[in-house]
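From a predicted model like this one, the values you see are computed outputs, not experimental measurements.
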Amino acid sequence: MTTYFSEPQSMYYRFGEDQDQVLKVLAERYIGANAQADFVYRVFQKSGILQNEKGLYDLNLGKRFPDAPKDHISYAAALVWGDEDRNLDVLVRCYGPVRFYFNEQMVYRSTVMDEISPDATVKLSIDIKPGWNTIWLEMKNTPAGFGCQFGSDEGKVRILNVFAPFQERQGQAGWVFSQPNPATSKQPDLLGKEADYSLNWLPETGWSDEDKTKPAFERIFGNLAGKHAYAWTHLNNNDSTGNQVRLSGQSSGSLSIWISGKPVAQVKEPGSFEVDVTVPFGRSDLLVRSEYDDKAGPWHFNLNATVSGKPLSLELPQRVHGANGESWLYVGPFESEVEPDLADLTRTDRVYQTGQRQTYWRLDRPDAWIRPYYENAMLSNKWTVGSVTNYGRWDYPLGVTVYGLLRTGRYLQRPDITRYAAEHVQACTQMYEYSLWDREQYGFPAVNQQLVMLKMLDNCGSFGSAMLESYSECHEPTFLPIAERIADFMLSRLERQEDGAFYRTCVGEYAENTMWADDLYMSTPFLVRYARVTGNSTALDEAARQFSLYRKYLFMSEFKIMSHVYDFKYGQATQIPWGRGNGWTLFSLTEVLEALPAEHPERPALIDFFNELCEGYAALQGESGLWHQVLNVPQTYEEASCTAMFAYGFARGVRFGWFKDPEVYVTAAERAWKGLICKAIDRQGNVHGVCSGSRYAFTAEYYDQDLRTVTNDNHGIGIMMLAGTEVAKMKKYLAEHRVSSPAVSHS
């Protein structure tokens, strides 16, 4: 029998059968460990190294230095932060000879075949250490090419954020790279001063001598007749006397000034201005609209704020790492007839239509923009665990976590829990339009990677379902347009077999031409909620249809359970009934059955399918109440997430009256829940015994030996909460209907 902690550490030992207390501790532990930390904003220069559509940084130096002499060498350097010890797979694709050093140790030297084969990709494993880690690339120019592509494997889920080295660029995002040199140089101290080394590093951080003579608006935007732009800062009024603030300065054209969204000054003619305004104590948004007047010289304005002759400070309205010394953000230029909504101009989760294009906030530096990054789980693996926070990330395990929090908050009548879950979703969706623009600008988005790079059900179905589930909590306007995009992907663009079954093409990848039981969860709960919110019955019909199709490919009639994967390359199912894959199946089937009208033509067959599956699962439940990692192989370890999903499915079946013989499932659900609070959930609310994210295999050994358990894995936390709420609802249902539940054996 699997043991994750001693009996006195268990949730059952601490709280017994107090279901509400268990759910409270589970939810509060998760929220306490995952603070509501927003995205991190950094300076990024678009003239630097950009990523391609795969997320690889494209250091094609042959394009940047077309006249570089043969055998000259360029270097690229970056810093990587590690919150904890972590392993990461990185990919290198060579244009020419490359040497890769990580933390000053050579990890890779390219071979001739790497350099001349256009599709050659080398995968390397690196060990990230806590603190700063250094990347140093040495690249030689040859007739074959110059430079390389570099980045993490599966970049949209295993995010590799790189930071500029050297003290002068501290806090900035991106690489530095050198102009070609004839001789080899030793790796400098990347945490030291750039000025201490003779290499000429790019991109340039400062304006040229000529540009320094120009005012800010001219050097950022040029002199553009008929155009206008905005500047935004925070005015810090530290005067407690209540005296008025004097705003004074000069402008080359008409100028409008707002403080905290209220107009305070209008300068119609070029020249000096001075105005006294009432400003509350503390920090206030100060917004300026400047229009270019081609008769008044270079485009500029300057502004000073004083109280009783004492200057007040201006500071960036958004914390931007690497922007030391800057006070203003700038956006524009706008066409004369385009006026953005003023309420949208003092926030950083919007892009702005200037006329024929969109733009965003930038700084008074060469080609320097502010850019938000998801850094709550630095260098995150696909399923982040440990000391970092998951807040603000869009991925499928967090979809079920958010769903669990929503249901728990409602069950406990705790609006703080449901609000936290809804705000996690809003943090993603409110940046959606920006993230599309970010990808267009820089090649690969810095936030919402999986949503933007929408290529498979994993990227959208689970979190999209949680998004629609939270719609009733906040009625966030960004939810429905995103739901429309996801629905269009599922219903119109997703790969299908000839019979209409969803499957994965994944050309050139390990999962090429396969069907996964998991994808019933990645699709059907979203389709159910989309149908509910929009009234689109086609989506509900499709959800029901997919279960009938998946049954044809994956159902193992001997055991009445599901194979994890059908591999079309071999024309057969793997015949390995992975626990969580079966859990996803039952979980999702209950969601579809709950939504299907009584008269729906698919309903009788799906009720029968539900009963078949539950019969198969109940027969394989272990003595402890838990199920095994491979359901029909009792030598594999006991696994918590599938156990929670079976408890969830059984409890719902009892409550909704889907079972022909419910008593056995009441017992099974109660035994499963008790097994979880005795063996998988400790008294602090930590969740144990949840296997890590899976690939697939034709052998049980892979699932047992290669997929080990992870504490507080997001595949398990939300489903524990969902199982707890459903078992509690089942008990309440039975009590209200005067049905006594069978006694639970404690042997």
Next item on the list: Go through the steps for Thr478 and Glu476 under the test side-chain hydrogen bond (donor to acceptor under 3.5 Å, both in side chains), then give the verdict.
Entry: CA-CA 6 Å; Thr478 56; Glu476 167 61 44; 2.9 Å; yes
Next item on the list: Would you please test Tyr503 and Phe568 for ring-ring contact (aromatic ring centres under 6.0 Å, His included) and show each step?
Entry: CA-CA 9 Å; Tyr503 82 116; Phe568 292 98; 5.6 Å; yes
Check: Under the side-chain hydrogen bond (donor to acceptor under 3.5 Å, both in side chains) criterion, do Asn582 and Tyr617 qualify, and how do the steps go?
Finding: CA-CA 9 Å; Asn582 277 268; Tyr617 299 144; 2.8 Å; yes
Margin query: The test is side chain to side chain contact (heavy atoms under 4.5 Å, CB included); show your working for Glu736 and Tyr733 and say whether it passes.
Written below: CA-CA 5 Å; Glu736 290 176 348; Tyr733 166 84; 5.5 Å; no
Item checked: From CA spacing to verdict: side-chain hydrogen bond (donor to acceptor under 3.5 Å, both in side chains), Gln9, Gln684 -> CA-CA 8 Å; Gln9 294 175 290; Gln684 283 79 38; 5.9 Å; no
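Salt-bridge formation is detected for the pair Glu154/Arg695: a Lys NZ or Arg NE/NH1/NH2 atom is positioned less than 4.0 Å from an Asp or Glu carboxylate oxygen. A salt bridge links Glu473 to Arg410: at least one charged side-chain nitrogen sits closer than 4.0 Å to a carboxylate oxygen. Of the charged side-chain nitrogens involved, at least one lies within less than 4.0 Å of a carboxylate oxygen, so that Glu726 and Arg655 count as a salt-bridged pair. A salt bridge links Arg580 to Glu639: at least one charged side-chain nitrogen sits closer than 4.0 Å to a carboxylate oxygen.
For residues 525-534, every residue pair satisfying the salt bridge (charged side-chain N to carboxylate O under 4.0 Å, His left out) rule, not counting sequence neighbours, is listed here: Glu469-Arg529, Arg529-Glu591.
For Tyr550, the ring pair (Phe, Tyr, Trp, His ring centres under 6.0 Å) test picks out no residue, with sequence neighbours left out. Not counting sequence neighbours, the partners of Lys552 by the salt bridge (Lys or Arg N to Asp or Glu O under 4.0 Å) test are Asp499. Annotation: salt bridge (Lys or Arg N to Asp or Glu O under 4.0 Å) contacts of Glu28 (sequence neighbours excluded): Arg414. Under the ring pair (Phe, Tyr, Trp, His ring centres under 6.0 Å) criterion, Phe609 pairs with Phe555, sequence neighbours left out. Taking Asp541 as the reference, nothing meets the salt bridge (Lys or Arg N to Asp or Glu O under 4.0 Å) condition, with sequence neighbours excluded. Residues passing the salt bridge (Lys or Arg N to Asp or Glu O under 4.0 Å) test with Glu594, sequence neighbours excluded: Arg652. Contacts of Thr514 classified as side-chain contact (heavy atoms from CB on, under 4.5 Å), with partners at least two apart in sequence or in another chain: Arg504, Ala511, Trp516, Val565, Asp567, Lys569, Tyr696. Applying the side-chain contact (heavy atoms from CB on, under 4.5 Å) criterion to Ser152, with sequence neighbours excluded, gives Leu88, Arg158, Leu160. Applying the ring pair (Phe, Tyr, Trp, His ring centres under 6.0 Å) rule to Tyr391 yields the partners Tyr420, His424; only residues at least two apart in sequence or on another chain are considered. Remark: Ser125 engages Asn87 in a side-chain hydrogen bond (donor to acceptor under 3.5 Å, both in side chains) (not counting sequence neighbours). By the side-chain hydrogen bond (donor to acceptor under 3.5 Å, both in side chains) test, Ser523 pairs with no residue at all, sequence neighbours left out.
Using a distance-only test at 3.5 Å, with no hydrogens or angles considered, no donor-acceptor pair links the side chain of Asn448 to the main chain of Val452.
Ring to ring, His628 and Tyr637 are not that close: their centroids are 6.0 angstrom or more apart.
In this structure, a donor-acceptor pair under 3.5 Å is present between the side chains of Glu638 and Ser624. Inspection of the Thr574 and Ser563 side chains reveals an N or O donor paired with an N or O acceptor under 3.5 Å. Arg407 and Tyr411 share no side-chain donor-acceptor pair at under 3.5 Å. There is a side-chain donor-acceptor pair under 3.5 Å between Ser462 and Tyr521.
The two residues Ile159 and Tyr374 come nearest to each other via the heavy atoms CD1-CD2, 4.0 Å.
Met490 has its side chain within reach of Phe526: a pair of non-hydrogen atoms, C-beta onward, lies under 4.5 Å apart.
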